[in-house]
Amino acid sequence: MPEVYTAFENEDFFSSGYELQAMNTRGIYSPSSGSQETASVSSSMSVLSSLHDNELTDITVIGDPYITILEQPTEKFRFRYKSEMVGTHGSLVGSNRKNVPTVQLHNFLDPAVIRCTLVTSDEGLSRIPHAHKLIRRDGGQDYDDPHYITVSAETGYTAIFQGMAIIHTAKRHIRDELIKKMRLEALEKKKNTNIKAILNSREEAQIKVDADHYQKHMNLNSVALCFQAFVTNHCGVMIPITEPVYSQTINNLKSALTGELKICRMDKLTSSVEGGEEIFILVEKVGKKNIRIKFFELNEDGCEIWSAYGRFSELDVHHQYAIVFRTPPYKDQNITLPKNVFIQLERPSDGDCSDARKFTYKPSDRIIDIKCLGRKRQRISYSGSSELSNILPNTNSIGNENISELLNNSNSHELSKEIKKILSEGTTTPVCKDFLSDIDVDNYLKLLLNSEENMLGTDGPSIVQYQDDVMFAKNILTEIMQCMKMDAKNMEEYIQKLLKDRSTYGDSPLHSALRYGQHNIVKYLLMLLCTNKDCKTLINSQNSSGKTPLHYAVLQNQPEITKALLMLGADPNRTDDHGFSPLHVAVKISDAGACVDVLLSEKGINIEAYNDAGWTALHLATKAGSYDAVCSLVHAGANVNNTDMSYGRTALHIAVEGGHKKIVEYLLKKTNISVNKRNFSGNTALHTAVVHTGTRAKELCALLIQHGADPYIQNHNRESNDVNKKKESHVNVKVEVHSEDENIEGAIGQSSFDLAMNKPDILQVFNGQSEKTTNKMCLVTTKLELKHEDLETNWLNNEHKEKLSILLDKTQGWQKLAKQLNIEYLLQTFQHNSISPSLGLLNYIDVEAILSLMDMQTVLREIGEEEAADYINEISSICS
DNA sequence: GTCTGCTTCCC
DNA sequence: CGGGAAGCAGA
């Protein structure tokens, strides 16, 4: 193992203790020590010309020496504060968790030293020493960086850096630490050419200025190791023989910006393929502006074949530890078996992800119908002769006109008529035989049984199960007919028993026939039930998820059956296990308007009923974007200002949230909905519109504003940031202008205006409105005037911003600017800004008060945006 | 007073 | 040695 040398704690290591005597027995590196053999010239080697002006006459190399990293340091590591460095903590390990960071020197045949220091991680930008410390612990003692390891042929020119740790320099010491390190660096550079060199006062001053700047912008949660090889010349000066190489970035495991993303807990792990289901997820610390929830699917080879993101806004991130979001729809709405996918957290700023968790998409209730059964069957069966669909009536593929005929043009439209007839005739005889005497039981049975033969031959247990389910209603019906034919003694009792039989999921024959879209069987079952003494009970029976046949009738979008069921006494208000009434179910289905109307025409229906989540039918219809259902509900008298019990939202909030412009428009124009109603978080629909992530944010805001939405209403979100500071002054202004505003209430929250601060296109909507209407908006102008008054504190005005953004859009300089300011995670946000990405960025910088104008100018020069910098120079000189 | 982020402390 | 949390200070 190579010997490790560590520099003196003495910060003057280079400046004074340098040309020193062999230091000590502990092995502190001592360049002039006799033990450091340089030289041994080999004639075939070329003199290293790149070793500058220094007199390294006896050093030889083959080609240019360089360093490779054999073992990268781990990507994540806990940076500890000095006060934490008692006892032992883990040291920096290699990226494979076993080894430690290791590098190798190439193209060099003499002994050399390899130095390891800590530098900034910003790739692409110039690396500077990092304010944190890289300590090495050895024998109970800690040594500060830099660390040196001698390498030679014996060690294969490899240097193994063991026992290192990163010490988080406290904020208040960052500047001092930086100055110290930058001085050393500058001095070392000077000493390469002149051993006696010291820093002049101009250089010292420059270092202080630089340190001031870096102190503000240095990323304290990411560092990198810097390795560089040196030899010592006869004066004892260390001469670099390679370019520095940098390790991959090491991120602070304890920070929210770089810490590990983790899903701690979720309230459920399944969703319908249709998506839109609400999920609560507990997570390790995240930033609300910097987190996404990704759903994805892998094929057998582990390749990603689908992905989508959970839907939520900033307002849905609870503190930094929980998110309430909605599932995205799965790509295939027609799956018949549960689909396993994955869910994970994703941090846009660095692309980092949490571990993936399994997540399951369930087939939609609506999808289980004949068509997909047939398809499924085809795919798995090799018999070719078996067409599952053949067994069912009303499918003309079998060539059994008999059945069709027999089932009497079984257009379901006829159904309610027939039932009406039966009911009006007052058939109360509880004898099914009467009813069935009309049809040719023999013939029907024969056909049923024939088709059943085709069902034999199965491909797997799940399919057997499935077939049994599918066949359930038909089998029961067959049995009932056989029973009636035999005219047995206990017939009636037996039929009663059969009708109450249950299949998988607790389905009665009626549930089952409805679930699988067997509308003719449904019809005959209903006919049977008409005459049954337990009709009402049977009609209202609930399966294991609490659903009644009526639920399935609307799920299958069968208005006639729905009507028939209601006529037979189905209870329209009976709810399933989640508190969904048939109306709740129906309004969520976009094309089931007819069922909604049938239900709404029912006298006893409660249209304001809440489901277990606290939503009314109007909320659900709105959420689902079912425009027709919303209209029907409103016509039927639904209270548009009713709020949901989970968030206190009106239908307007929900419509805006879902981006359903047509519904928003309808609610605003055709109903007396209260546009400024606040939900439990204090947000109005306008707040929701502003944070809307879709492309419709602007349109929605405009609509709301047109209908009297007030952008100054504040929510309950107290944020102690610069936005708030600005707000206070703005509140003051507001009080002066029209102090009797009923919305102030002393609330300190965010107004829609605040939320729109980095969305210039929406601000434009607000401002545009202000010019046209009401005294309300004179605030805006007042506010802008304030900005003119004091450019120093209020930054650029709108006109200046626009000009500047034109310059930065042209050169794409805004991207560099964002990177320089460590807000590259917002690049996408600005990129999608419809007006100008640069304008978005400038507004953001303004609102967040990131930079003074002077700093802005400096930064622009740093990234080579001279023209923009000149422009700022120009306007600031005019103003002063 | 209240929230958040930083620092220190503890097991 | 990783995890948690108390305590403190600034916004």
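Within every chain, numbering begins at 1; the chains are lettered A, B, ... in the order of the sequence lines, protein sequences first and strands thereafter.
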Report summary line: Contacts of Glu278(A) meeting salt bridge (charged side-chain N to carboxylate O under 4.0 Å, His left out) (sequence neighbours excluded), chain-then-number -> Arg326(A)

Requested in this report: Round to the nearest Å and state the distance from Lys82(A) atom NZ to dT8(B) atom P.
Outcome: 11 Å

Requested in this report: Check salt bridge (charged side-chain N to carboxylate O under 4.0 Å, His left out) between Lys268(A) and all other residues, then give those that pass, not counting sequence neighbours.
Outcome: Glu277(A)

Requested in this report: Could you tell me which residues satisfy side chain to side chain contact (heavy atoms under 4.5 Å, CB included) with Lys816(A), sequence neighbours excluded, listed by chain and number?
Outcome: Ile863(A), Glu865(A)

Are any protein N/O atoms closer than 3.5 Å to N/O atoms in nucleotides 3-6 of chain C? If there are, list each pair with its distance.
unit_1: dG3(C); atom_1: N7; unit_2: Arg78(A); atom_2: NH1; d: 2.6
unit_1: dG4(C); atom_1: N7; unit_2: Lys254(A); atom_2: NZ; d: 3.4
unit_1: dG4(C); atom_1: O6; unit_2: Arg78(A); atom_2: NH2; d: 3.4
unit_1: dG4(C); atom_1: O6; unit_2: Lys254(A); atom_2: NZ; d: 3.3
unit_1: dA5(C); atom_1: N6; unit_2: Lys254(A); atom_2: NZ; d: 3.4

Query raised in the report: Between dG5(B) atom P and Phe79(A) atom CZ, what is the distance in whole Å?
Result: 18 Å

Report task. Taking only the side-chain nitrogens and oxygens of Tyr81(A), find out if one of them lies under 4.0 Å from OP1 or OP2 of dT8(B). Result -> no

**Report entry** Atom-to-atom span, CG of Asn252(A) to P of dT7(B) - whole angstrom
**Finding:** 11 Å

Query - Euclidean distance, atom CG of residue Asn221(A) to atom P of dG5(B) [Å, nearest integer] - result: 12 Å

Report task. Check salt bridge (charged side-chain N to carboxylate O under 4.0 Å, His left out) between Asp212(A) and all other residues, then give those that pass, not counting sequence neighbours. Result -> Arg175(A)

Query - Geometric class of the His168(A)/His132(A) ring pair [parallel <30°, tilted 30-60°, perpendicular >60°] - result: tilted

Report task. Write down the distance between NE2 (His168(A)) and C1' (dC6(B)), rounded to a whole number of angstrom. Result -> 8 Å

Requested in this report: With sequence neighbours left out, write down each residue that passes salt bridge (charged side-chain N to carboxylate O under 4.0 Å, His left out) with Lys82(A), or none if nothing qualifies.
Outcome: none

**Report entry** Spacing of Lys76(A) atom NZ relative to dG2(C) atom C1', expressed in whole Å
**Finding:** 16 Å

